[in-house]
Amino acid sequence: MSGDSLGKLLRDVAQAEPVAEVFVVSTCNRVEVYADVDRFHAAVTAICELLVRHCGVPAHELTGYLYVHYEDRAISHLMAVACGLDSMVVGEGQILGQVRSALNLAREQETLGRVLSELGRLALRTGKRSRTETEIGRAGLSLLTVAIELAAQSAPGGSGAEALAGRDVLIVGAGSMSALAAATATRSGAASIVVANRTRSHAERLAADVSAIATGLADLPAAMGAADVVISCTGATGQVITRDMVSAAVSARTLAGRPGPLVILDLAMPRDVEPATDSLPGVVLISMDRLSDHGTAATDDDVLAVRAIIEAELAAYHSAIDAARVAPTVVALRAKAAKVVEAELARLEGRLSSDGVSGHALDEIAQTVRRVVDKLLHAPTVRVKELAGSPGGEEYATALRVLFDLDPRAVEAVTRAATEQEVRS
């Protein structure tokens, strides 16, 4: 899902009664709805019904492909996704930008609030750490780079992006993956680039960015006959390139004396290219199935190192939440202590001023009293934050409120002020 359809899904989920906040990560390999809800089962039902409505797949067909994570499992899953652990090519770097784009879109659509904003920041931070502190993304892999590497192995002409050097490249589609393919082909020194798309104006816009030629899908057979490499990644629900079209393109290439096979990279979900195309002589078809079988350059040690980062970030996230839960009590306690100190200092100043005590001496006394109170409060307030994450942690904050006779309204006022500040920021 992308473009207007993704925006409509976001708005509809946000309007569902159990949902408070939502963002959607949509890639060629997943559509994941992250929502902050007040009722789990009601929310799952509402979101599933909306997915059925928006994707046009009957519920009985879609159900087998759905999965649900809750609370910590949902948080860990998002962090794993951002780190590339859940990608078809483990460690690929494109997913981090896709998660960031999902958050930005939700922010634009005003479906993102405090809870999921913080969760998004956590996921992005974890994704960055995984790439800077481990070797999970050592090759900067993406679906496209792995597909090109496989193409290079299948047809002579170099390795990696060099497989496109000096080749005539046809890109079918004009979305984000197509833009990446166009940029890669340009950077790799492709002899020519043609962009074909159902909406010609979209093809023209992408072609203008890389000095390519734009065409419509009606001219696709001829464009394939003039190509060495075809990269197809449309959002079509049906097949765009048929076996007969590829057969005709191979014949045209033979007549033109083009060397080597016609290499087709099908990076679409669902697939753009008819699977039977793979049996044609003079054709190398690399589809998502083959990419999945290819696996990744990431080692088990890389994955374990990233898992450790995820666990550490999740623990820190919970600690911060627990500390924030008792923070209003701590703030109210310190405010009450400060009020008592100021009242007693005012009384002391009134008595000592008449005895000729200097202003400098009064200031020294005031600073000393404040330091004593701060030191007395330091240990219990720090300790209550540490204990907040333990079983029954909220009881420690309650004990503070009772022991120091804190006004519940003062604690509520601090909580309300903090919430309003978060909304403004």
Side-chain angles (χ1 to χ4, degrees), residues 20-23 25 30 32-38 40 43 67-87 90-93 95-100 102-103 106 112-137 298-331 333 378-400 414-415 418-419 421-422 425:
E21 307 174 27
V22 62
F23 69 91
V25 177
R30 81 188 72 245
E32 295 185 342
V33 179
Y34 293 88
D36 178 36
V37 305
D38 59 10
F40 175 73
Y67 49 91
V68 180
H69 297 302
Y70 177 66
E71 293 291 1
D72 277 5
R73 286 178 62 86
I75 297 171
S76 296
H77 178 75
L78 175 60
M79 289 193 286
V81 168
C83 292
L85 293 188
D86 200 55
S87 297
V90 176
E92 59 96 0
I95 185 62
L96 191 60
Q98 291 169 325
V99 172
R100 184 181 292 106
L103 292 163
L112 200 65
R114 178 181 60 84
V115 173
L116 294 188
S117 289
E118 179 59 33
L119 184 59
R121 285 191 290 271
L122 171 68
L124 295 178
R125 181 173 64 249
T126 306
K128 290 177 184 176
R129 281 192 62 190
S130 72
R131 287 162 176 80
T132 57
E133 299 178 22
T134 77
E135 297 295 319
I136 194 72
T299 66
D300 290 343
D301 287 344
D302 295 332
V303 173
L304 287 174
V306 173
R307 291 287 183 195
I309 290 174
I310 291 174
E311 289 177 7
E313 287 286 353
L314 183 60
Y317 175 75
H318 281 306
S319 294
I321 290 177
D322 293 334
R325 192 178 297 121
V326 300
T329 299
V330 172
V331 172
L333 172 59
H378 177 75
T381 54
V382 169
R383 191 70 178 128
V384 77
K385 289 181 180 179
E386 294 172 348
L387 293 170
S390 62
E394 176 59 27
E395 294 178 5
Y396 294 101
T398 302
L400 270 185
V414 174
T415 304
T419 302
Q421 177 62 34
E422 287 173 350
S425 61

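Note that this is a predicted model, so its numbers are computed, not measured.
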Interatomic spacing from [atom1] in [X] to [atom2] in [Y] - rounded to 0.5 Å:
X: Ile75; Y: Leu119; atom1: CD1; atom2: CG; answer: 5.5 Å
X: Leu103; Y: Leu112; atom1: CG; atom2: CG; answer: 6.0 Å
X: Arg131; Y: Cys83; atom1: CZ; atom2: SG; answer: 6.5 Å
X: Leu122; Y: Leu78; atom1: CG; atom2: CG; answer: 7.5 Å
X: Met79; Y: Ser130; atom1: CE; atom2: OG; answer: 11.0 Å
X: Ser87; Y: Ile136; atom1: OG; atom2: CD1; answer: 9.5 Å

Side chain Glu21, main chain Asp36, donor-acceptor under 3.5 Å: no
Closest approach of [X] and [Y], non-hydrogen atoms and distance?
X: Thr134; Y: Ala305; value: CG2-CB, 3.7 Å
X: Ala74; Y: Tyr34; value: O-CE2, 4.1 Å
X: Ile95; Y: Ala82; value: CG2-O, 4.0 Å

Set of residues satisfying side-chain contact (heavy atoms from CB on, under 4.5 Å) with respect to Arg100, sequence neighbours excluded: Leu96, Asn104, Leu124, Lys128
Using side chain to side chain contact (heavy atoms under 4.5 Å, CB included), reason through Leu85 and Ile310 one step at a time and then give a plain yes or no. CA-CA 11 Å; Leu85 293 188; Ile310 291 174; 4.0 Å; yes
Evaluate the criterion side chain to side chain contact (heavy atoms under 4.5 Å, CB included) for residue pair Asp301 and Glu135; output intermediate values, then yes/no. CA-CA 9 Å; Asp301 287 344; Glu135 297 295 319; over 6 Å; no
Glu118 versus Ile321: any side-chain heavy-atom pair under 4.5 Å?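 Result no, sub-4.5 Å side-chain heavy-atom pair not found.
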